[in-house]
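The sequence lines fix the lettering, A, B, ..., with proteins before strands; numbering per chain opens at 1. Keep in mind the model is a prediction, meaning the values are calculated, not measured.
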Amino acid sequence: MGCLIVVGSITYAQRLARLFSSHGIALSVIKPPVSLGHGSCSYALRIKEADLQKAAALLSGISIKIKGIYVVENGKYREAEI
Amino acid sequence: MIYFDNAATSLPKPQTVYKAVEAAMLTCGNPGRSGHKASLHAGRIVYDCRESIADLFGLPEPERVIFTQNATHALNIAIKSQLHDGGHAVISGYEHNSVARPLQMMKNVTFTVVHTPLFDCDKAFEEIAAAVKPDTKCIISTHVSNVFGFILPLERLDRFCGQKGIKLIIDASQSAGILPIDIKTLPNTSFICMPGHKALYGPQGTGILLCGNTDSITSIMEGGTGSESSNLNQPDMLPDMLESGTLNVCGIAGLLAGVKYVSEKGLRNIYENEESLCQRLVSGLYHIDGLKAFYDKKHHCGPVSIVSTKMPSEELCFLLGEKGFCLRGGLHCSPLAHISAGTQKEGTARISFSVFSTEKEVDSFLEEIRKLQKEA
């Protein structure tokens, strides 16, 4: 299982990637399905579910609009509970 | 060849810049468009460059660093954002045509050019302040004159803008990479515009717009951004709002190497080295008959302009060019600066150094110009 944190642009994704990496969170930058980006092209950070709470705490201190946070299970997506 | 035209574009660049451009050409996809390795790699380089620039200029949010084609492009966005619904602007008497022409083109905008004596900071501040009217929306000032190297009093202008509730737009074309600029100390500055290819040592075709304290931001070109694709309206988030179309990734990769070079070298070292060459140059020119150099070390950074009583500036540059020296003559796209300094009739010959310029090159130049003046 993993989690996707969806943002609106590659710049936001790279900014978050830098922030998460500096706090020891392993991640990949990916293109999420259009449906997760509210019908638009987006980028997402894929992280382990175990790191989700730590990531969420970091997000609260940064002024980046998050489009959604999802848990990926068997190729399906559901909104994460934080 | 001895290259003294670094105010137009720096040459040579650091070796790391050439290598970075080549590496980017060989490895980079289109940033912010796809999810494969080549695209993500390009996206990382672009973001690294954005972050390095944000660090250098004290900008807390890297997304407020916008990549443009050049400083002129950045100034067009800044001016057309700040004055998109009309109004009045006050500009210094040392502005480049990249400020004056966009203003002249805008039908609902009026502007006042404030001509003040060269190297007189107090006068420049006082007269610019006095030209502000009730409908003035912004002051636009170069940080350093591209003709004379005159440093304008930006901090005072920024504070004054705060008192008046208006904004300052800064053209940092000649100062970025030489003088410290910290946008946190300029709270009333809406935009700072600069080239990437001069003292930041990036390739030509790179420019930067720093978005400071402003919500008044308007795109002058719309299109694909790789974001919000299902919406036909231009995205309102930065940098996407102002960066439609494929970015100049190879140029930005080179610019990143240039910015790292400048940061490692240190602005103070760069400034002191170049000013020391300027002082050597001006001291040498002082002893040559029929030459006048415009220089005041208290308020100077970058280019030194000279005039000869024996020949026009273009002829002087041509003859020096025959001997292997590259410098620029004429009006330098800044007729306003020449009106302010009284050199509009003949223009000036401009000498501008970089971190790669040497005392030996300055001495060779002095020897050659001495001969030319003697023979004329």
Side-chain angles (χ1 to χ4, degrees), chain A residues 1-48 51 55 57-72 75-77 79, chain B residues 28-55 59-67 208-209 211 215 223-247 249 252-253 256:
Chain A
M1 285 205 301
C3 289
L4 296 186
I5 298 169
V6 183
V7 292
S9 76
I10 186 67
T11 307
Y12 290 170
Q14 293 292 353
R15 189 171 167 193
L16 283 186
R18 200 60 50 87
L19 177 70
F20 288 177
S21 295
S22 70
H23 285 80
I25 299 175
L27 60 93
S28 302
V29 176
I30 66 159
K31 285 281 280 187
V34 169
S35 59
L36 300 189
H38 303 185
S40 277
C41 295
S42 305
Y43 278 85
L45 283 88
R46 186 170 183 135
I47 61 171
K48 290 177 188 162
D51 287 328
L58 290 170
L59 291 177
S60 65
I62 190 166
S63 59
I64 285 181
K65 190 180 170 192
I66 305 298
K67 286 186 156 189
I69 302 178
Y70 302 90
V71 176
V72 189
K76 295 207 164 67
Y77 306 93
E79 281 200 45
Chain B
C28 282
N30 199 333
R33 299 297 190 268
S34 310
H36 54 70
K37 283 183 180 171
S39 173
L40 293 174
H41 170 61
R44 267 192 301 277
I45 289 173
V46 170
Y47 186 77
D48 283 350
C49 191
R50 238 184 262 288
E51 198 173 59
S52 298
I53 291 164
D55 287 347
L59 205 60
E61 296 170 330
E63 56 267 28
R64 295 181 83 80
V65 174
I66 311 300
F67 293 115
I208 300 159
L209 174 70
C211 298
D215 294 325
T225 58
S227 55
E228 304 295 337
S229 301
S230 62
N231 188 348
L232 295 187
N233 293 319
Q234 186 73 356
D236 59 3
M237 63 183 163
L238 294 174
D240 301 40
M241 182 206 281
L242 302 176
E243 288 183 352
S244 290
T246 299
L247 285 172
V249 178
I252 291 168
L256 171 60

Under 4.5 Å from any heavy atom of chain A, what part of B:E61 do you find: side chain, backbone, both or neither? both
Has A:K31 got a side-chain atom pairing as donor or acceptor with B:R33's backbone, closer than 3.5 angstrom? yes
Residue part contacting chain A, namely of B:R44, when any heavy atom lies under 4.5 Å: both
With side chains defined as the heavy atoms from C-beta onward, is the minimum distance between B:L238 and A:T11 less than 4.5 Å? no
Heavy-atom contact with chain A under 4.5 Å, split by part of B:S34: backbone
Show the nearest heavy-atom pair for residues A:V29 and B:L40, with the distance to one decimal. O-CD1, 3.2 Å
Go through the atoms of A:K67 and report whether side chain, backbone, both or neither lie under 4.5 Å from a heavy atom of chain B. side chain
Is it true that atom CG of B:D55 has more than 12 heavy atoms of other residues, nucleotides or ligands lying nearer than 6.0 Å? yes
Please tell me if the side chains of A:R15 and B:E63 come closer than 4.5 Å, counting only heavy atoms from C-beta onward. yes
Quick one: CG on B:L247 to CD1 on A:I10, what's the gap to the nearest 0.5 Å? 11.5 Å
Could you check which of B:E228, B:R50, B:H36 has the highest count of heavy-atom pairs closer than 4.5 Å to chain A? B:E228
Quick one: which of B:P31, B:S39, B:G43 has the most heavy-atom pairs under 4.5 Å with chain A, could you say? B:G43
Are B:D48 and A:R18 packed together at the side-chain level, in the sense that at least one heavy-atom pair is separated by less than 4.5 angstrom? yes
Can you confirm whether the side chains of A:S40 and B:S230 place a donor and an acceptor under 3.5 Å from each other? yes
